[in-house]
Amino acid sequence: MSGQKFANPPASPGGKPEPGEDLETALLRELREELDLVPVAFSHLQEVRALAALERIPMTMTVYDTTITGLPRPAAELSAMRWITGQEPDLTVAPAVRDHVLPLLRSRALLD
């Protein structure tokens, strides 16, 4: 999870597709722009429908499992980053992440 400057709760890397851009191209662009990464492999995990944490409007979040080489580095609007398990007592994340993404990752043994 990465913290967006001034965001509460912190933002996860990602964003909306540009006009005419498919979801996989948006994934690659967002990872490059926000974490300075190019994944070596990725697969679609799930679509999450929830309210956006800041705007409180309906959104669809497409969740991917990615394989990376190298270390991610916060870039663009991301100011900091930390690895999480989802069990940290001080963890604040968006409701969609808390209620959908973290349970999904746990159910697939992608989180400790």
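- Minimum heavy-atom separation, I84 to L111: O-CD2, 3.6 Å.
- Within the structure, the side chain to side chain donor-acceptor pair (under 3.5 Å) test picks out no pair touching residues 95-107 (sequence neighbours left out).
- Side-chain atoms of E34 come within 3.5 Å of backbone N or O of G14 as a donor-acceptor pair.
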Donor-acceptor pairs under 3.5 angstrom involving side-chain atoms of residues 47-65: please list them, not counting sequence neighbours.
from : atom 1 : to  : atom 2 : distance (Å)
E47  : OE1    : T62 : OG1    : 3.1
E47  : OE2    : H44 : NE2    : 3.1
E47  : OE2    : T62 : OG1    : 3.2
Y64  : OH     : E24 : OE2    : 3.4

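- Going from atom CG of L71 over to atom CG of L35 covers 11.5 Å, rounded to the nearest 0.5 Å.
- For T85, the side-chain hydrogen bond (donor to acceptor under 3.5 Å, both in side chains) partners at least two apart in sequence or on another chain are E88.
- Summarising the geometry of L31 relative to P39, their closest heavy-atom pair is CD1-CG, 3.7 Å, with the distance given to 0.1 Å.
- A distance of 5.5 Å separates CG of L105 from CG of L110, quoted to the nearest 0.5 Å.
- The line from CG of L28 to OG1 of T25 is 6.5 Å long, rounded to the nearest 0.5 Å.
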Problem - Steps toward side-chain contact (heavy atoms from CB on, under 4.5 Å) verdict (V40, I68) - result: CA-CA 6 Å; V40 294; I68 61 171; over 6 Å; no
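- Taking each heavy atom of L37 and P72 in turn, the nearest pair found is CD1-CB, 3.7 Å.
- Note that CG of L23 and NZ of K16 are 13.5 Å apart. Values are rounded to the nearest 0.5 Å.
- In this structure, P17 and R29 approach most closely via the heavy-atom pair CA-NH2, 4.0 Å.
- Counting only heavy atoms from C-beta outward, the side chains of L45 and L104 approach each other to under 4.5 Å.
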